[in-house]
Amino acid sequence: MSASPVRVRFAPSPTGYLHVGGARTALFNWLYARAHGGTFVLRIEDTDAARNTAAAQAAITDGLNWLGLDWDEGPEKGGPHAPYYQSQRGDIYDAYFQKLADAGHTYTEDNGAVRFRSPREIIILPDKIGGDIKIDRTEEPDMTIRRPDGSYIFHFVNVVDDIEMQITHVIRGEDHIYNTGKHIELFRALGAEPPVYAHIPLILNGDGSKMSKRDQGAAVGYYQENAFLPAAVVNYLCLLGWSPKDDREILAIDEILPLFRWENMGHSNAKFDMEKCRWFNAQYLAQLDAPSFDHLAIAWLLRQEPLLPGTDDPRLVGALPLIQPKIKSITELAEHLPMLFDSAAPIADEARTKLAAQPDLALRLNTLLTHLEAVTDWTAVNLQTAVANAASALAIKPGTLLFPLRVLTTGQAHGVDLLPALEWLGRKAALARLNARVVSLTNAAN
RNA sequence: GACCCUUUCGUCUAACGGUUAGGACACGACCCUUUCACGGUUGUAAUACGGGUUCGAUUCCCGUAGGGGUCGCCA
């Protein structure tokens with residue numbers, strides 16, 4: 001069997017932002033190409049000059065690069081079928097248009113628009129995911145393929161380029177199913193064999209509506225800005241409409257490739273769940289080595305305005321390992337840095353309330369303070385001993401003292417592992433915070 | 001409205017026609033723990049409905065209902 005080499009393409013139009021649905025379409029094309037030793041083509045469908053922007057185009061290439069979806073032919077890369085911008089392929093379209101016209105497949109409207117004369121048949125689309133799909137074209141009006149100003153319509157250029165670029169498989173959203181009926185007519189009229197089609201189900205909001213620009217996470221840029229790990233996003237996106245058919249979820253791309261087959265594709269739309277996406281991110285974040293985490297964190301911190309506490313503090317790199325295991329996304333640094341770097345941060349309401357529930361608080365705090373002040377070699381291990389001794393003196397469990405200690409040193413009820421954090425903070429700073437807050441608390445109580 | 005696709009826990013999904021219908025996110029409980037977390041165990045929770053076919057249906061067929069898509073001189 002000498003099947004022709006696989007050639008797939010992602011063909012976005014640069015009119016807005018890179019939608020997660022589009023990104024997943026690109027991802028599935030990329031996976032199919034990589035799984036079959038094929039070629040992944042990126043083609044920019046910018047025939048509608050009025051709606052195209054350079055920013056939108058950058059969002060596409062930036063987003064794909066960020067996700068790690070490298071293309072073999074396309075913008076910035078070139079290839080045997082260049083150019084890969086439809087706006088630069090007018091001569092090719094003219095030639096194909098002439099061919100269609102010469103064969104009598106077209107006619108011109110009074111205003112100059114040109115339509116394709118539909119054969120008006122029932123088309124059975126053999127879809128790799130949906131099976132045989134019936135598309136009744138017998139009652140449909142003829143599609144316009146060229147505007148009065150001479151510019152060409154999507155259907156026409158899309159098919160011409162798929163022929164020219166020798167695309168073998170078209171993997172796109174199922175919102176294109178009816179377009180495919182039109183496209184098959186054009187392929188046939190141009191004497192070309194239509195490619196293999198696979199229409200993938202769509203990604204929707206949690207409420208079932210279409211994800212649009214204002215929905216959180218609809219744009220790939222959202223994940224870039226919020227410093228998600230691209231591998232985590234890719235992993236999550238794969239599981240929307242594809243399954244390894246076993247219980248695995250955390251899968252490296254290399255594990256996915258051999259399992260990326262049509263029979264593993266889902267047939268129904270999937271609702272996007274940001275919580276689960278964040279969970280994937282947390283899983284990947286936890287596996288990151290320290291230098292990579294630091295790099296990611298610092299890059300994100302430097303983009304914040306105003307800068308978060310600690311951003312330009314030399315102790316930052318020491319604090320990051322404390323934070324890494326506690327967060328699901330880099331953006332949560334915003335919650336952790338103030339309590340570590342802002343010694344005057346007010347005590348959070350939740351922490352204050354829980355603290356007030358402690359019996360004999362003043363006695364406990366003073367006992368704790370006394371034992372801590374006796375620690376000269378300020379390490380987590382020694383602090384642990386000191387807390388244990390204080391607890392023993394009070395005849396209570398050590399754990400009882402940890403929460404008050406947390407609140408008095410950080411001002412928060414939640415946060416990083418406490419004793420290592422106090423070691424990082426240092427004896428002088430930690431005791432200063434403790435004393436100051438004990439005083440304020442005692443005064444308030446009286 | 002017409003046509004097409006689709007329907008398993010709230011969500012993502014698994015289950016050669018025979019399973020106590022499994023896993024994951026989220027949520028609750030318990031355990032671990034020297035705090036906060038992680039982790040472990042566990043609980044609540046699903047085959048849309050009605051007909052067939054079959055010894056037996058989540059699985060195959062038909063219908064109904066719900067959801068989505070499409071109906072451009074946008075892509």
Side-chain angles (χ1 to χ4, degrees), chain A residues 11-16 22 45-48 50-52 86 109 111-115 125 127 129-131 133-137 139-141 143-149 151-155 157-158 172-182 199 201-204 206-210 236 238-250 266-280 282-283 286 322-323 325-327 336 339 351 380 383-385 387-388 390-391 397-407 409-410 412-419 421-422:
Chain A
S13 95
T15 55
E45 307 222 326
D46 55 351
T47 52
D48 189 351
R51 303 194 339 166
N52 300 147
Q86 289 189 327
E109 298 272 19
N111 68 358
V114 178
R115 288 182 186 264
L125 161 65
D127 193 86
I129 294 170
I133 298 170
K134 191 185 82 182
I135 301 175
D136 187 348
R137 300 274 308 149
E139 305 291 327
E140 296 301 315
M143 70 179 124
T144 305
I145 60 171
R146 196 175 74 169
R147 300 184 186 89
D149 68 1
S151 64
Y152 295 99
I153 301 292
F154 158 70
H155 304 296
V157 293
N158 188 268
R172 50 167 43 155
E174 68 178 21
D175 51 333
H176 278 287
I177 284 180
Y178 276 84
N179 289 334
T180 296
K182 298 179 181 178
H199 289 89
L202 307 178
I203 299 178
L204 309 173
D207 65 2
S209 64
K210 210 171 189 170
Y236 176 66
C238 280
L239 260 16
L240 254 28
W242 171 89
S243 164
K245 300 294 182 187
D246 55 33
D247 289 341
R248 287 179 296 165
E249 292 205 302
I250 302 292
H267 293 198
S268 56
N269 295 345
K271 291 174 182 170
F272 190 90
D273 184 353
M274 183 57 84
E275 276 308 312
K276 188 149 187 176
C277 185
R278 280 165 52 78
W279 178 80
F280 272 94
Q283 297 295 310
L322 299 169
I323 301 174
K326 301 292 177 182
I327 60 179
H336 284 84
M339 76 177 89
L383 290 172
Q384 184 177 319
T385 307
V387 170
K397 293 204 297 187
T400 317
L401 291 174
L402 266 293
F403 185 78
L405 182 57
R406 169 181 294 283
V407 174
T409 49
T410 69
Q412 297 292 324
H414 308 276
V416 301
D417 200 16
L418 188 60
L419 270 13
L422 293 184

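A note on names: the letters A, B, ... follow the listed sequences, proteins ahead of strands, and every chain is numbered from 1.
As judged by a 4.0 angstrom heavy-atom cut-off over every strand, A/Asp175 is placed among residues touching the sugar-phosphate backbone only. Using a 4.0 Å heavy-atom criterion, one finds that A/Asp127 contacts no nucleic acid atom at all. Within the nucleic acid shown, A/Pro12 has no heavy atom closer than 4.0 Å to any nucleic acid atom. Among the protein residues, A/Leu419 comes within range of the nucleic acid bases, having at least one heavy atom under 4.0 Å from a base atom. Contacts of A/Gly208 with the nucleic acid, taken as non-hydrogen atoms under 4.0 Å apart, involve only primed sugar atoms and P, OP1 or OP2.
A/Ile133 is not listed as a side-chain neighbour of A/Thr180, based on a closest heavy-atom distance of 4.5 Å or more. Contact annotation: the side chain of A/Thr144 never approaches that of A/Val114 to less than 4.5 Å [non-hydrogen atoms, C-beta and beyond]. With contacts defined as side-chain heavy-atom distances shorter than 4.5 Å, the pair A/His199/A/Arg172 qualifies.
The shortest heavy-atom contact between A/Val387 and A/Pro398 is CG1-O, 3.9 Å. Of all heavy-atom pairs between A/Gly206 and A/Lys271, the closest is O-CD, 3.4 Å.
Here the OG atom belonging to A/Ser243 is positioned 9.5 Å from the CZ atom belonging to A/Arg248, to the nearest 0.5 angstrom. Here the NE2-NZ distance, from A/His155 to A/Lys182, works out to 3.5 Å after rounding to the nearest 0.5 Å.
Using cut-offs of 30° and 60° for the angle between ring planes, the A/Phe154 and A/His176 rings count as tilted.
Checking B/rU35, B/rU70, B/rA75 against every side-chain atom of A/Phe154, the shortest atom distance belongs to B/rA75. Of all nucleotides listed (B/rC36, B/rG68, B/rC4), B/rC36 comes nearest to the side chain of A/Asp417. Checked against B/rG69, B/rA37, B/rU35, the side chain of A/Leu202 finds its nearest nucleotide in B/rG69.
A/Asn269 pairs by the side chain to side chain contact (heavy atoms under 4.5 Å, CB included) definition with A/Glu174, A/Pro201, A/Leu202, A/Leu204, not counting sequence neighbours.
When the side-chain nitrogen and oxygen atoms of A/Arg115 are compared with OP1 and OP2 of B/rC73, one or more of them lie within a distance under 4.0 Å. When the side-chain nitrogen and oxygen atoms of A/Arg248 are compared with OP1 and OP2 of B/rG22, none of them lie within a distance under 4.0 Å. Dashed line: the shortest gap from a side-chain N or O of A/Ser13 to OP1 or OP2 of B/rA75 is not under 4.0 Å. Distances shown here put a side-chain N or O of A/His414 below 4.0 Å from the OP1 or OP2 atom of B/rA37.
Using Watson-Crick or G-U wobble geometry with both donor-acceptor distances under 3.5 Å, B/rC9 finds no partner in any strand shown. Nucleotide B/rC3 is matched to B/rG69 when pairs are restricted to Watson-Crick or G-U wobble geometry with both distances under 3.5 angstrom. Nucleotide B/rG43 forms a pair with B/rC27, judged by Watson-Crick or G-U wobble geometry with both contacts under 3.5 Å. Figure legend. B/rU58 is base-paired to no nucleotide; pairs are counted as Watson-Crick or G-U wobble with both atom distances under 3.5 Å. Here B/rG63 sits opposite B/rC49 as a Watson-Crick or G-U wobble pair (both hydrogen-bonding atom distances under 3.5 Å). In a base pair of the Watson-Crick type (N1 to N3 plus N6-O4 or O6-N4) or a G-U wobble (N1-O2 and O6-N3), with each distance short of 3.5 Å, B/rA37 is matched with no nucleotide.
Residues A/His267 and A/Leu204 both approach RNA chain B. Their nearest nucleotides, taken by heavy-atom distance, put A/His267 toward the 5′ side. Both A/Phe280 and A/Ile129 lie near RNA chain B, and the one whose nearest nucleotide falls closer to the 5' end is A/Ile129.
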Enumerate all atom pairs, one protein N or O and one N or O from nucleotides 17-21 of chain B, separated by less than 3.5 Å.
none

Nucleotides 9-16 of chain B: which of its N/O atoms have a protein N/O under 3.5 Å away?
from, atom 1, to, atom 2, distance (Å)
B/rC12, OP1, A/Lys271, N, 3.1
B/rC12, O2', A/Leu239, O, 3.0
B/rU13, OP1, A/Gly241, N, 2.9
B/rA14, OP1, A/Lys245, NZ, 2.6

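Below the 3.5 angstrom threshold, one finds no donor paired with an acceptor across the side chain of A/Asn158 and the base of B/rA75. Under 3.5 Å, the side chain of A/Lys134 and the base of B/rC4 form no donor-acceptor pair of N or O atoms.
For the P atoms, the distance from B/rU44 to B/rA21 is 14 Å, rounded to whole Å. Nucleotides B/rU54 and B/rU64, compared at atom C1', are 23 Å apart to the nearest Å.
The distance from atom CD of A/Glu174 to atom C1' of B/rU7 is 13 Å, rounded to the nearest whole Å. Taking atom CG of residue A/Leu418 and atom C1' of nucleotide B/rC38, one finds them 16 Å apart after rounding to whole Å.
By the 4.0 Å N-to-carboxylate-O rule, A/Glu249 lies close enough to A/Lys276 to be salt-bridged with it.
In textbook terms, a nucleotide whose glycosidic angle is within 90° of 0 is syn, while B/rC27, being further out, is anti.
Checking A/Thr410 against A/Arg406 by side-chain atom types alone, no donor-acceptor pair falls below 3.5 Å.
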